[in-house]
Enquirer: 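First the structure, then my questions, so here it is.
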Amino acid sequence: MTSGSFAGMAASSPATGSVTAIPRAAVRSQGSTAQLPKDHPLLTGLTADSALLNQYRGGRNSAGEITRPHRRPVWFMRQAGRSLPEYRALREGTTMLDSCLDPALASEITLQPVRRHDVDAAIFFSDIVIPLRLAGIDVEIQPGVGPVLGHPVRTRADVEALPTLDDAAFAPITEAVRRTVAELGSTPLIGFAGAPFTLAAYMVEGKPSRDHLGPRTMMHADPDTWNALAAWAAEVSGRFMRAQLMAGASAAQLFDSWAGSLGREDYARHVLRHSAEAFTHVKDLGGTTPEGHRVTAPLIHFGTGTGEILDLLRAAGADVVGVDYRLNLAEATRRVGAETPLQGNIDPALLPADWPVLEKHVRSIIAAGSGAAGHVLNLGHGVPPETDPEVLTRVVSLIHEIGYED
Ligand code: CP3
């Protein structure tokens with residue numbers, strides 16, 4: 001999609017409708033069949049049969065055969081960050097967003113937890129507000145607070161004044177991803193972006209908020225402005241994910257961290273199609289392996305407090321659903337179907353508990369996830385900054401040790 005099409009996109013958005021107005025097949029068929037570059041790690045044989053991709057594919061190898069991976073995959077949201085002393089040392093004197101835009105720094109920070117914990121994936125070190133910064137919007141991440149905008153986006157005029165984002169602006173991201181995958185070898189890199197609701201929530205409020213009243217008021221009181229804003233957010237987030245995948249990421253996760261503040265009806269009417277639109281930028285992005293098998297980069301959709309809309313997260317166009325710590329994975333499978341691979345959901349609150357308590361919890365998560373076609377272990381939300389990194393390393397080795405013993 002070219003830049004400068006935001007107004008057109010918003011104007012041509014379909015009228016609001018119920019969930020049934022957006023059948024999954026329709027959402028899926030819009031997908032691009034675009035080709036990843038030939039030297040992409042997914043296509044050279046490096047990552048296509050990694051444990052992570054096997055589980056994201058529902059326990060299948062790149063040939064489509066049901067197989068068990070060589071180990072049980074695990075990674076952690078916010079594995080790169082303040083829980084690591086080596087991260088705190090590297091970040092000294094550089095603001096959060098400036099570090100994201102320094103390719104050498106972003107790449108090194110992405111690699112730190114992979115080296116330390118032996119996790120099965122790297123998550124690209126960046127932030128959901130990076131596309132805003134790249135578009136020239138005045139946004140900062142204030143330490144201990146989160147994203148803060150100089151000028152919140154609250155009126156139709158504010159939305160119409162939003163800048164366009166040039167593809168060229170993604171250069172520091174592309175460069176950081178290239179450097180990272182060159183070091184990662186057969187460990188896949190996961191790219192990500194913020195979903196339109198979560199991103200728009202920061203844009204409307206101008207800062208983090210608990211209840212997200214601003215965007216929730218806007219979608220009812222001024223749906224045209226809401227739809228134009230969410231369409232803008234969907235486009236920048238979709239292109240941000242696409243830039244990471246094209247440069248070497250093997251999977252991508254859409255974070256709708258705050259979608260849990262929405263009722264099911266509001267999600268279905270005002271949000272789902274915008275998240276589906278973000279996914280269309282990366283849907284079916286893939287190519288052919290050296291053995292001649294067609295593979296695509298799996299797409300994961302995650303939010304917190306989303307137990308009531310889990311099926312809709314899947315319907316938006318995701319291959320895999322991320323589950324937060326509130327919902328038992330067996331219940332999640334009941335809600336989304338056994339064919340849907342799951343990701344999650346170790347409770348971050350248990351990381352400081354005595355080891356036997358934590359070990360029992362991890363084992364119970366593995367048991368609860370066993371009914372899904374695939375299961376990638378993760379936390380039910382990000383690593384808390386005060387976490388002892390040695391505990392995370394121990395959790396990873398426990399999961400690898402358990403493997404697929406029956
Ligand atoms: O390993 C990783 O997951 C690192 C990559 C990553 C970051 N942010 C780095 C980061 C990812 C995937 C994100 C996504 C992100 N950013 C989300 C979605 C995930 C979620 O946690 O729900 C959201 C909502 C944001 C917005 C944001 N950025 C918040 C709320 C904060 C926390 C502010 C604070 O200081 O408490 C950030 C800052 C941020 N993003 C940090 C990191 C490592 C901390 C900044 C620091 O080290 O000073």
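Both counts, for ligands and for their atoms, begin at 1 and track the order of listing. Just so we're clear, the structure is a prediction, and the values are computed from it rather than from any experiment.
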Enquirer: Specify the protein heavy atom at minimum distance from atom 16 (N) of ligand 1: its residue, its atom name, and the distance to 0.1 Å.
Expert: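 Looking only at protein heavy atoms, the one closest to atom 16 (N) of ligand 1 is Asp127 OD1, 3.0 Å.
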Enquirer: Quick one: does Gly382 get a heavy atom under 4.0 Å from ligand 1?
Expert: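 No, Gly382 has no heavy atom closer than 4.0 Å to ligand 1.
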Enquirer: Any carboxylate oxygen within less than 4.0 angstrom of a Lys/Arg side-chain nitrogen, looking at Lys360 and Asp354?
Expert: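 The answer is no: the pair does not qualify as a salt bridge.
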Enquirer: Can you label the angle between the Trp258 ring and the His212 ring as parallel, tilted or perpendicular, going by 30° and 60°?
Expert: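 Trp258 vs His212 ring planes: parallel.
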Enquirer: What atoms in ligand 1 come closer than 4.0 Å to a heavy atom of Gln79?
Expert: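 So the atoms of ligand 1 that pass are 1 (O), 2 (C).
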Enquirer: Could you identify the single nearest non-hydrogen protein atom to atom 42 (C) of ligand 1 and state the distance to 0.1 Å?
Expert: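 Answer for atom 42 (C) of ligand 1: Met96 CE, 3.6 Å.
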Enquirer: Short N/O distance, under 3.5 Å, between Tyr87 and ligand 1?
Expert: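 Tyr87 vs ligand 1: N/O contact under 3.5 Å present.
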Enquirer: Given that the side chain starts at C-beta and the backbone is N, CA, C, O, which of these parts of Arg78 lies under 4.0 Å from ligand 1, counting heavy atoms, or is it both or neither?
Expert: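 The answer is both, backbone and side chain.
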Enquirer: For Tyr202 and ligand 1, does the shortest N/O to N/O distance drop below 3.5 Å?
Expert: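 No: no nitrogen or oxygen of Tyr202 is under 3.5 Å from one in ligand 1.
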Enquirer: Heavy atom of Gln253 under 4.0 Å from ligand 1?
Expert: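 Gln253: no contact with ligand 1 (<4.0 Å).
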Enquirer: Assess whether a salt bridge exists between Arg334 and Asp311, defined as any Lys/Arg side-chain N lying under 4.0 Å from an Asp/Glu carboxylate O.
Expert: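 Salt bridge between Arg334 and Asp311, a charged N being under 4.0 Å from a carboxylate O: no.
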Enquirer: Could you tell me which atoms of ligand 1, counted from 1 in the order shown, lie closer than 4.0 angstrom to a heavy atom of Ile123?
Expert: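 Those of ligand 1 that fall under 4.0 Å from Ile123 are 1 (O), 2 (C), 3 (O).
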Enquirer: Among all protein heavy atoms, pick out the one at the shortest distance from atom 19 (C) of ligand 1; state its residue, atom name and that distance to 0.1 Å.
Expert: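 Answer for atom 19 (C) of ligand 1: Phe255 CD2, 3.2 Å.
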Enquirer: Tell me whether Thr198 has any N or O atom under 3.5 angstrom from an N or O of ligand 1.
Expert: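 No, no N or O pair falls under 3.5 Å.
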Enquirer: Considering non-hydrogen atoms of the protein only, which is the closest contact for atom 6 (C) of ligand 1, and what is the distance?
Expert: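 Protein heavy atom at minimum distance: Ser126 O, 3.5 Å.
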Enquirer: So if I count the atoms of ligand 1 from 1 in the order they appear, which ones are less than 4.0 Å from some heavy atom of Phe125?
Expert: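 So the answer, numbered in order with elements, is 43 (C).
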Enquirer: Determine whether the side chains of Thr67 and Asn54 contain a donor N or O and an acceptor N or O closer than 3.5 Å.
Expert: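 Distance-only check passes for Thr67 and Asn54.
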Enquirer: Regarding Thr155 and Asp158, is there a side-chain donor-to-acceptor distance under 3.5 Å anywhere?
Expert: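 Looking only at side-chain atoms, Asp158 and Thr155 do form a donor-acceptor pair, the distance falling under 3.5 Å.
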Enquirer: Within a reach of under 6.0 Å around CD of Glu92, are more than 12 heavy atoms found that belong to other residues, nucleotides or ligands?
Expert: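 At most 12 heavy atoms, drawn from other residues, nucleotides or ligands, come within 6.0 Å of this atom.
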Enquirer: Decide yes or no for His117 and Pro389: does some side-chain heavy atom of the first lie under 4.5 Å from some side-chain heavy atom of the second?
Expert: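 A side-chain contact exists here, since the closest heavy-atom pair is under 4.5 Å.
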Enquirer: Would you say CD of Glu308 has more than 12 non-hydrogen atoms from neighbouring residues, nucleotides or ligands within 6.0 angstrom?
Expert: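 Not more than 12 within 6.0 Å, no.
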Enquirer: Starting from atom 4 (C) of ligand 1, locate the nearest protein heavy atom and write down its residue, its atom name and how far away it is, to 0.1 Å.
Expert: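 Ranked first by proximity to atom 4 (C) of ligand 1 is Ala80 O, 3.6 Å.
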Enquirer: Does atom NE2 (His151) have a neighbourhood of more than 12 heavy atoms from anything else shown, all under 6.0 Å?
Expert: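 12 or below, so no.
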Enquirer: Is it the side chain (CB and beyond), the backbone, both or neither of Pro147 that lies under 4.0 Å from ligand 1, heavy atoms counted?
Expert: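 Within the 4.0 Å criterion, Pro147 contacts ligand 1 through side-chain atoms alone.
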Enquirer: Suppose we measure from atom 48 (O) of ligand 1 to each protein heavy atom; which comes out shortest, and what is that distance?
Expert: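 Checked against all protein heavy atoms, atom 48 (O) of ligand 1 sits closest to Arg91 NH1, 3.3 Å.
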Enquirer: Specify whether Phe240 and Phe170 have parallel, tilted or perpendicular ring planes, treating 30° as the upper limit for parallel and 60° as the lower limit for perpendicular.
Expert: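 Geometry flag for Phe170 against Phe240: parallel rings.
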Enquirer: Quick one: which ligand 1 atoms are inside 4.0 Å of a heavy atom on Phe124?
Expert: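 This gives 5 (C) as the contact atoms.
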Enquirer: May I ask you to test the Gln253-Gln343 pair for a side-chain heavy-atom distance under 4.5 Å?
Expert: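 Yes. Closest side-chain heavy atoms under 4.5 Å.
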Enquirer: Is the shortest side-chain N to carboxylate O distance from Glu386 to Arg82 below 4.0 Å?
Expert: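 Here Glu386 does not pair with Arg82 in a salt bridge, since their nearest N and O are not under 4.0 Å apart.
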Enquirer: Would Gly146 count as a polar contact of ligand 1, with the cut-off being nitrogen or oxygen pairs under 3.5 Å?
Expert: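 No, since none of the N or O atoms of Gly146 sits under 3.5 Å from an N or O of ligand 1.
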Enquirer: Quick one: look up the protein heavy atom nearest atom 34 (C) of ligand 1 and list residue, atom name and how far away it is.
Expert: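 Heavy-atom neighbour on the protein nearest atom 34 (C) of ligand 1: Arg82 NH2, 3.4 Å.
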Enquirer: Among all protein heavy atoms, pick out the one at the shortest distance from atom 18 (C) of ligand 1; state its residue, atom name and that distance to 0.1 Å.
Expert: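 Atom 18 (C) of ligand 1 sits closest to the protein heavy atom Ser257 OG, 3.2 Å.
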